[in-house]
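Everything quoted here is computed from the prediction, not taken from an experiment. Worth knowing before you read on, the calculation uses all heavy atoms, side chains too, and leaves out hydrogens, waters and symmetry mates. Lettering follows sequence order; numbering is per chain, from 1.
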Amino acid sequence: MTDKTANLANLDKEGLSLKSVSLWQITWRRLFKRKSALLGLGILIVLVFIALTAQWISPYDPYQVLIGIEDVDMRQAPCIHLLGCPKDQPQHIMGIDGNVRDQFSRLLYGTRLSLMVGLTTVSFAIIIGTILGALSGYFGGWVDNTIMRVMDVLLAFPSLLLAIAIVTVLGPGLINALLAIGIVSIPAYARVVRSSVLSVREMDYVSATRALGGNNFDILFKRIMPNALTPLIVQGTLGIATAILDAAALSFLGLGAQPPTPEWGQMLSAERNQVFTAPHLVFYPGFAIMTTVLAFNLLGDGLRDALDPRLAHTSK
Amino acid sequence: MKRQILVILSLVIISSMALSACAGGGAAGREYKEEKFEGLSLDAGGCDYGGFFKSIEATDEKTVVFTLCKSDPAFLSKVAFSPFAVYPKEWIKWSAGEESRTSAGLEKPIGTGPYMVSEWKRGESITFTKNPDYWGEAPLAADTLVFRWSTESAARLLELQAGTVDGFDNVGPDDFATIEGDSDLQLAIRPALNVFYIGMTNTYAPFDDVKVRQAIAMGIDRQRIVDTFYPEGSEVASHFTPCAIPNGCVGEDWYEFDPEAARSLLAEAGYPEGFETSLYYRDVVRGYLPQVSNVAQDIQAQLKDNLNIDAEIVVMESGAFIEASASGQLNGFHLLGWGADYPHITNFLDYHFGKDTQQFGAIDASIYQPIIDGGQIADNDEAAPIYEKANNAIRELVPMLPIAHGGSAVAYRAEVENPQASPLTSEVFAFSKPGDRDVFVWMQNAEPISMFCADETDGESLRACEQVMQGLYSYEVNGTAVEPALATNCEPNDDLTVWTCTLRDSVKFHDGTGLDADDVVMSFTMGLDASSEYHKGNTNLWEYYDYLWGMMNKPAE
């Protein structure tokens, strides 16, 4: 008996790592088979590229007011030389915004902000949510009850409404908006982690580790967590999309990024009354938000299918 | 079967008769007779109540004496304002309901104007017919005047192009060129009687240093803001008060835009690298600030570029913003403006730069003293040198930067004679003619709330009332100067505290009763005396009576 457990314990590390490698390989393979997921991934790579190189690829400074510098009018329609715009006019692919700035450059810089918003809020929510969910699922009892009831309370509010309430208390601003969206999305992650921890902790190898005298911390974070992560990855990818949407909504309401920050929601909100007179100022930011959210959603859906253990078994 | 139909038919007929009897009750069922002159008076019982009038007396049939608690050179400008129009005393008594005016009282006021209300189809239009007994001259007036409304400026323009309306208010900024390019249409630019300014509170560093404020005054390219964000008819503010107001722009013009000088002045004050502050505003569109967020961002960009001042934009809720700015609690710049209540310089300067104003911190005596002195003089020419001092002191000490007077425009069909664009938005259509047609159709932004304008503040309501109602004085067509209307003359005493008004002879109200001094006293009693049984309105706030004169016998709170 002792021999067996010792063997198991020895095997454990190798076996686990072997298994995880194969899981990721399978995941990648399955992901590449799904065209929609690939499309999402493709868009995302482009967006990341834009975000990283915004300062080199954007033709203008996003804050630069062009009055007196170029002969352009406020809210001027796009001028693209390739499409027949006279060469003597300065080229503005997406036109000029209400403050006589280059809309295209602002949109490119907005990519950086939106991705940052998505990643930071979701990372924040995942870190806090994971810790809470793991503690809750692992210890059970009153810890579980307390944490999950608090999460239930948070879930009882419509998320955007709660975010608005938090921002109202903290004061408008991008950082506060990030914090608000982060807090609002914690319960989703806490629940996901708790449920997978609940199922994983009953597995034999966990009992074995416990029998070997591993302490709670090791068991939870070294044995259970790595195997409870898959649903979190899916949830996180889809969560980025929601976070970007929420941040855009908050900025649209004037609670998120403050002018002149080139944030898509804020750009949309600033020109919303000009839908008919200057449609390009509303169309492009809206389209950018849509594309980004779509990319994350496609990728998230793809990941979910790829990581689904049931589908994984059938493919073997 | 036949019998049932007959019963239903007769019921329908009876109920429709009953309905029409009720609806017609306003005009047909008016049950009052002309009352004799009794010499009414309204006495506040001293001046301790804090208001403006000590007493208003009808001393004889054609004479009203206003005794004031403090002298006021703007008395006539205020009296000419449409909420202070004169109603017949019989009608006032008749239409005062239990809680508010009766529906006829709210929809069909009785006045002395060139038009009278014939029908108000709620949600659709108001029809006015010409007053056959009008006392004055209105040779151009069409037989019928119709008011319509639409919130979208594009929709209003479409109607004008189609010829279904003769004129409309508030041309959209993008439509100016369209109208000017259309030979069937004409544009009347409304002079701007407002001001948009950047306020600074001098109790907070670094705004406590006059050099900093002067540097900012030179460091903002105001022409660029007006050119880019304001509609045609707007102008860069040379002074706080618009030039259309007498004595508004006496004294030196505002600083020239000079970023070099501004930077060196800022360095001299100890901020060669600029500083960090906030830029507060409310996201509310007004005539003086048609594009709020864009203007704020441009000012922010200019502060950064010209003076290296980093101003963080803080958008506040409107009520909170007004409260914080008025009590001088904003530690950065604040963007605000002012539209004229009545066209007199006291309405601009006294409110903003009076001794007790906190909005800009402490007001220096060199500014508030001339304002106090000027408030004692009725004659504009005599007051000019005093207001020149006040304006120059404001320029010197820069409590704020006046940026722009925002214009707007009215569009008409080309055949309309004497197209009007009143700076006070009080166009009187009896003085315009719609070509050779006999119906003048006017389209504005919104439906009037009620036509009992003694208790309304909304400009769309006031304009409708102005077709029907008149006060002792009125504003000249397309201007701000006052001219006698129901009074032939109002004479002040030497210290401007007693005004004796003589009424015009043989003026008849729409209901056939004659105008006498009782009607004037009764109208003011209705508005001013909160304890009067006739003090019944629509909202019952009586804002302009309270704000411009002060309410008497207010119920204890």
Side-chain angles (χ1 to χ4, degrees), chain A residues 60-77 96-103 106 164 167-177 250-263 265-279 281-282, chain B residues 151-155 157-158 171-178 220-232 257 259 278-285 289-306 308 310-318 320-321 332 335:
Chain A
Y60 292 87
D61 178 346
Y63 297 104
Q64 188 183 31
V65 180
L66 297 171
I67 304 172
I69 297 173
E70 281 183 358
D71 181 25
V72 287
D73 291 331
M74 176 172 61
R75 304 207 174 95
Q76 188 172 302
I96 298 291
D97 81 351
N99 268 77
V100 200
R101 294 172 298 212
D102 181 51
Q103 175 87 346
R106 292 178 65 74
I164 290 173
V167 174
T168 315
V169 173
L170 296 175
L174 192 58
I175 302 294
N176 290 346
L250 282 181
S251 297
F252 185 87
L253 295 173
L255 296 168
Q258 297 297 311
T261 319
E263 205 274 343
Q266 201 269 322
M267 289 160 71
L268 199 59
S269 153
E271 302 296 341
R272 65 182 182 279
N273 292 331
Q274 270 68 44
V275 180
F276 295 112
T277 48
L281 295 182
V282 185
Chain B
T151 49
E152 300 294 323
S153 72
L157 176 60
L158 278 178
V171 176
D174 303 323
D175 299 332
F176 277 73
T178 318
I220 300 282
D221 185 353
R222 303 174 308 141
Q223 188 70 47
R224 155 171 150 177
I225 295 175
V226 173
D227 287 348
T228 317
F229 303 106
Y230 279 78
E232 215 169 307
F257 171 56
S278 305
L279 182 69
Y280 300 92
Y281 67 90
R282 56 175 180 164
D283 201 354
V284 174
V285 173
L289 189 49
Q291 306 198 48
V292 192
S293 165
N294 296 115
V295 170
Q297 287 183 55
D298 198 60
I299 290 170
Q300 182 188 42
Q302 290 203 30
L303 285 169
K304 179 72 189 153
D305 292 349
N306 301 342
N308 201 29
D310 282 303
E312 187 200 357
I313 281 183
V314 184
V315 186
M316 292 177 73
E317 188 273 320
S318 178
F321 174 71
L335 308 186

What part of A/Glu271 is in contact with chain B, defined as an atom under 4.5 angstrom from a non-hydrogen atom: side chain, backbone, both or neither?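 A/Glu271 touches chain B through side-chain heavy atoms alone.
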Using non-hydrogen atoms only, which part of B/Gln297 is less than 4.5 Å away from chain A: side chain, backbone, both, or neither?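 Backbone plus side chain of B/Gln297, per the 4.5 Å heavy-atom cut-off to chain A.
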Does any heavy atom of chain A fall under 4.5 Å from the side chain of B/Gln291, the backbone, both, or neither of them? side chain
Out of curiosity, B/Arg222 CZ to B/Arg224 CZ, how far, rounded to the nearest 0.5 Å?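 So the gap between those two atoms works out to 14.0 Å.
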Has the side chain of A/Gln258 got a donor or acceptor atom that lies under 3.5 Å from a matching backbone atom of A/Gly254?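 At least one qualifying donor-acceptor pair exists.
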Can you check whether A/Ala257's main-chain N or O pairs, donor with acceptor, with A/Ser251's side chain at less than 3.5 Å?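 Answer holds: yes.
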Verify the distance criterion only: is there a donor paired with an acceptor across the side chains of A/Asn99 and A/Arg106 at less than 3.5 Å?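 There is no such pair between these side chains.
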In terms of heavy-atom pairs under 4.5 Å, which option from A/Gly68, A/Gly98, A/Gly173 contacts chain B the most? A/Gly98
